[in-house]
Amino acid sequence: MIKVTLPDGSVKEFESGATPFDVANSISAGLARNVISAKYNNTTVETTTPLTTDGSLVLYTWNDDEGKTAFWHSSAHILAQALEELYPGVKLTIGPAIDKGFYYDVDLGERTLGEHDFKKIEDKMLEIARGKHEFSMRSVSKADALELYKKQDNPYKVELIENLEDGTITFCDHDSFTDLCRGGHLPNTGFVKAVKLMSVAGAYWRGDEKNPQLTRVYGISFPKQKDLKEYLELLEEAKKRDHRKLGKELQLFTFSQKVGQGLPLWLPKGAALRERLENFLKAAQKKAGYEMVVTPHIGQKELYVTSGHYAKYGADSFQPITTPAEGEEFLLKPMNCPHHCEIYNAVQWSYRDLPKRFAEFGTVYRYEQSGELHGLTRVRGFTQDDAHIFCTPDQLDDEFMKVIDLVLYVFGSLGFENFTAQVSLRDPDNKEKYIGSDENWAKAENAIINAAKAKGLNYVIETGEAAFYGPKLDFMVKDALGRSWQLGTIQVDYNLPERFELTYKGSDNEEHRPVMIHRAPFGSMERFVAILLEHTGGNFPLWLMPQQAIVLTLSENYEKYAQNVLELLENHEIRATVDDRGETMGRKIREAEMQKLPFMLIIGEKEANDGTVSVRKHGGEDLGTMTVAEFAEVVNTEINKTLKKFEV
RNA sequence: GCCGACGUAGCUCAGGGGUAGAGCGUUUCCUUGGUAAGGAAGAGGUCACGGGUUCAAAUCCCGUCGUUGGCUCCA
């Protein structure tokens with residue numbers, strides 16, 4: 001008999017050799033039907049793996065991430081089988097589960113694969129799934145494993161196996177298909193009821209561009225047809241909210257081939273939106289003791305040699321601009337911090353002056369590879385809501401927490417309610433990748449963790465994700481569709497103060513090194529606007545809307561009254577325009593709806609006589625008739641719901 | 001940068017070796033209106049760009065540029 005401990009702490013006894021499935025069955029028939037995978041003593045096992053020792057068991061269903069992983073990993077096997085059957089001679093490589101689905105990388109030889117082939121492959125997969133073939137693991141010797149794949153002339157699997165230790169190698173079989181596999185599968189293929197191939201892309205073997213290029217087929221699968229339908233609907237919704245589409249429709253920004261790829265052009269409405277965001281942050285920063293600075297768009301190459309950026313990124317950046325006569329070299333600035341360091345250096349500081357907080361909406365230029373450009377989220381020229389805080393080591397904890405406050409204020413005002421923090425530390429086994437002393441790293445890492453704790457942030461620690469010059473705290477927000485985005489970032493830096501020989505005079509009358517904090521709550525204006533667009537679907541918070549209301553006249557008889565109303569609105573600082581074209585009310589409303597204008601103020605004979613407006617909200621809600629002053633109250637109430645004052 | 005897909009009117013897209021298409025928008029005229037498209041007429045295209053094949057290319061082929069899904073990278 002063995003003792004199996006379940007997650008709730010209860011212990012059950014089973015015959016040795018009982019499987020996780022048996023355990024599930026002893027709990028309930030429903031669980032037995034739905035159990036997908038399991039972990040025994042923290043090791044992934046199949047639901048059919050006999051348990052022979054005491055241990056603790058966790059059972060997973062589709063509702064667990066681990067269950068989904070097993071589900072999708074198993075689906076990758078089915079995909080591989082389908083590809084093998086449809087395209088004899090394909091060489092299989094790897095096929096893992098990913099965040100949303102799975103992929104399989106195959107070497108198709110001379111063949112190509114396109115979306116028109118998907119239907120055929122999906123049908124084949126479903127046919128295999130319907131066969132309810134059991135997945136079963138078996139151990140093989142290294143020699144046998146190698147022989148199999150050598151016979152198939154598959155250098156990829158051979159390479160994988162050569163890196164494995166004899167005795168640990170397992171194959172997974174289902175139906176007529178066999179694959180090298182570590183394990184973690186569904187009980188049988190029949191669990192997969194819906195399959196959709198999403199895309200096909202090139203991918204290098206082991207992610208190295210020197211290696212042969214493979215064909216990667218992406219897919220997703222579900223236990224119910226309905227789940228697939230919902231997933232596709234979510235994708236549709238995401239498409240509707242795509243910032244590139246909305247940016248065009250709402251006339252916020254554009255790109256021009258002539259200007260150059262990755263270089264966004266802000267149209268008047270987009271520029272107004274962006275300016276409003278900037279002013280919002282400027283006001284909060286002013287309260288928090290920041291001072292604005294301004295620096296040029298280029299800097300001498302020497303500046304970046306000093307900062308260390310040239311050595312690290314110079315070759316992969318826009319190349320230097322040279323002067324015609326002297327041959328001096330200048331770089332488009334990829335960062336604002338070197339400039340800000342020199343601003344710090346312009347004056348001699350006492351510890352009494354610190355912290356200094358220099359802020360700038362600084363436009364920077366980075367050479368992003370052409371394939372990496374994407375709408376406003378990946379561009380070659382963008383504006384960071386940058387600031388650098390220079391403080392004494394003693395002030396670091398406190399300053400860091402103040403920055404967190406500011407970031408949380410920004411998120412709150414813009415409707416990002418779901419977010420987590422990621423603390424990125426250096427990889428202690430790989431210290432040569434980073435610059436700076438152990439002591440400084442320890443101090444900086446502790447400061448970040450302490451601040452995250454003190455502020456009650458929901459955070460995860462990622463080792464090895466730090467910047468080369470210091471650890472950081474990144475904020476990941478979840479948008480309305482549940483997608484995660486990295487937004488604001490706060491980074492501690494002991495390196496640049498060293499390189500730029502920044503100093504302040506301490507109370508001991510000695511020169512000391514300040515610590516630097518880099519921070520950008522938005523990240524960049526471009527990326528932030530893109531994310532905000534997708535989060536809100538273009539229905540920005542009222543305070544941010546480029547235009548908050550439109551006055552719609554029922555006929556030209558009310559043009560004059562419309563102008564009066566507009567003037568009153570302006571007195572109440574409500575951003576509005578008048579639509580007094582000779583169009584029908586139906587059309588005017590439709591167009592205003594499509595422009596996502598929050599309020600429509602309709603005026604006709606009745607309103608003109610009473611000195612009122614009839615208020616329709618975006619989406620159709622009728623708020624009835626009221627005076628402009630009453631309407632201004634409605635607007636202010638709504639704004640105050642989201643836009644609070646920043647309290648220091 | 002690499003692999004795949006795409007590039008036709010301002011926008012969304014259909015078509016496809018033999019005179020360039022639709023809807024929306026735009027312009028003009030009519031309509032003076034009550035909560036998501038009033039009616040009519042007109043204008044608008046070197047079918048991304050450059051080569052090639054062909055009697056004939058927007059269509060087929062090659063290249064370039066751009067967009068896009070991935071890969072790689074991301075101070």
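Residue numbers start from 1 in every chain, and the chains themselves are labelled A, B, ... in the order their sequence lines are given, proteins ahead of strands.
At a threshold of 4.0 Å, the pair Lys617(A)-Glu638(A) counts as salt-bridged, since one of the basic side-chain nitrogens sits closer than that to a carboxylate oxygen. The residues Lys239(A) and Glu233(A) are annotated as not salt-bridged, no charged nitrogen and carboxylate oxygen being separated by less than 4.0 angstrom. Under the 4.0 Å criterion applied to side-chain N and carboxylate O atoms, Arg513(A) and Glu498(A) are assigned as salt-bridge partners. Here Arg378(A) pairs with Glu372(A) in a salt bridge; the nearest charged N to carboxylate O distance falls below 4.0 Å. The pair Asp242(A)-Lys240(A) fails the salt-bridge criterion, with no side-chain N (NZ, NE, NH1 or NH2) lying under 4.0 Å from an Asp/Glu carboxylate O. Checked for salt-bridge contact, Asp105(A) and Arg216(A) meet the test: a charged N lies under 4.0 Å from a carboxylate O.
To the nearest whole angstrom, the two P atoms, one in C47(B) and one in C60(B), are 15 Å apart. Taking atom P in both A40(B) and A56(B), the straight-line distance is 44 Å, to the nearest Å. To the nearest whole angstrom, the two P atoms, one in U19(B) and one in A5(B), are 29 Å apart. Nucleotides G63(B) and A20(B) have their C1' atoms positioned 26 Å apart, rounded to a whole Å. With both ends at atom C1', the span from A48(B) to A57(B) equals 16 Å, rounded to whole Å. G15(B) and G21(B) are spaced 15 Å apart, taking the P atom of each and rounding to whole Å. For the C1' atoms, the distance from G69(B) to C11(B) is 23 Å, rounded to whole Å. Comparing the same atom, C1', in A58(B) and in G50(B) gives a spacing of 15 Å after rounding to whole Å.
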Next item on the list: Could you run through nucleotides 43-48 of chain B and give me one letter per nucleotide, 5' to 3': B if any protein heavy atom sits under 4.0 Å from the base, S if only the sugar-phosphate is that close, - if neither?
Entry: ------
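Among the heavy atoms of the strands, none lies under 4.0 Å from Thr553(A). Using a 4.0 Å heavy-atom cutoff across all strands shown, Gln261(A) reaches sugar-phosphate atoms only and no base atom. Using a 4.0 Å heavy-atom cutoff across all strands shown, Ser317(A) reaches at least one base atom of the nucleic acid. Contact annotation for Gly371(A): base contact, defined as any heavy-atom pair under 4.0 Å involving a base atom. Counting non-hydrogen atoms under 4.0 angstrom, Arg216(A) reaches the backbone sugars and phosphates but no base. Across all strands, Glu249(A) comes closer than 4.0 Å to no nucleic acid atom at all (heavy-atom distances). When heavy atoms are screened at a 4.0 angstrom cut-off, His374(A) is found touching the sugar-phosphate backbone but no base atom. At the heavy-atom level, Gly375(A) lies under 4.0 Å from the strands shown only through sugar-phosphate atoms. At a threshold of 4.0 angstrom between heavy atoms, the contacts of Arg380(A) with the nucleic acid are absent.
OP1 or OP2 of U12(B) has at least one side-chain nitrogen or oxygen of Lys248(A) nearer than 4.0 Å. Residue Arg590(A) has no polar side-chain atom (N or O) positioned under 4.0 Å from OP1 or OP2 of U35(B). Within the 4.0 Å cut-off from OP1 or OP2 of G69(B), at least one side-chain nitrogen or oxygen of Arg244(A) is found. Contact check, Arg366(A) against C73(B): no side-chain N or O comes under 4.0 Å of OP1 or OP2.
Rounded to whole angstrom, the span from the CD1 atom of Ile220(A) across to the P atom of G70(B) amounts to 13 Å. One interatomic measurement links the two molecules: CD of Glu372(A) to P of G69(B), which rounds to 10 Å at whole-angstrom precision. Across the protein-nucleic acid pair, Arg587(A) atom CZ and U26(B) atom C1' stand 12 Å apart, rounded to whole Å. Atom P of nucleotide C2(B) and atom CD of Glu368(A) are separated by 17 Å, given to the nearest angstrom. Computed from coordinates, the Glu591(A) CD to G25(B) C1' distance equals 9 Å when rounded to whole Å. Regarding Ile603(A), its CD1 atom lies at a distance of 13 Å from the C1' atom of G33(B), rounded to whole Å. Regarding Tyr469(A), its OH atom lies at a distance of 12 Å from the C1' atom of C74(B), rounded to whole Å. The distance between atom OH of Tyr103(A) and atom P of C71(B), rounded to the nearest whole Å, is 8 Å.
Under the 6.0 Å cut-off for aromatic ring centres, Phe222(A) and Tyr231(A) qualify, their centroids lying closer than that. Aromatic ring centres of Phe102(A) and Tyr218(A): separated by at least 6.0 Å. Note: Tyr434(A) and Tyr469(A) fail the aromatic proximity criterion, with ring centroids not under 6.0 Å apart.
Taking the side chain of Gln369(A) as heavy atoms from C-beta on, and the options C73(B), G34(B), U68(B), the nearest nucleotide is C73(B). The listed nucleotides are U35(B), U68(B), G1(B); the one nearest the side chain of Tyr367(A) is G1(B). Proximity note for Thr584(A) (side chain, C-beta onward) versus A75(B), U72(B), G38(B): the nearest is G38(B). For Ile602(A), whose side chain is taken as the heavy atoms from C-beta onward, the closest listed nucleotide among G34(B), A37(B), U67(B) is G34(B).
A donor and an acceptor atom sit less than 3.5 Å apart, one in the side chain of Ser614(A) and one in the base of U35(B). Applying the 3.5 Å distance criterion, the base of G34(B) shares a donor-acceptor pair with the side chain of Glu607(A).
Residues Glu556(A) and Asp242(A) each lie close to RNA chain B; by heavy-atom proximity, the contact nearer the 5' end of the strand is made by Glu556(A). In this structure, Arg378(A) and Tyr218(A) both approach RNA chain B, and ranking their closest nucleotides by distance from the 5' end singles out Tyr218(A).
Lys196(A) places no side-chain N or O within 3.5 Å of a backbone atom of Ser221(A) that could act as its donor or acceptor partner.
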Notebook entry, point to check: Where each pair must be Watson-Crick or G-U wobble with both distances under 3.5 Å, what dot-bracket representation of RNA chain B is obtained, with crossing pairs in [ ] and other-strand partners as |?
Noted result: (((((((..((((....[..)))).(((((.......))))).....(((((..]....))))))))))))....
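Ring planes of Tyr367(A) and Phe318(A): perpendicular class, angle over 60° (limits at 30 and 60°). Below 30°, between 30° and 60°, or above 60°: for His297(A) and Tyr365(A) the angle between ring planes is between 30° and 60°, a tilted geometry. Between Phe528(A) and Phe522(A), the ring planes lie tilted relative to each other; the angle falls in the 30° to 60° range.
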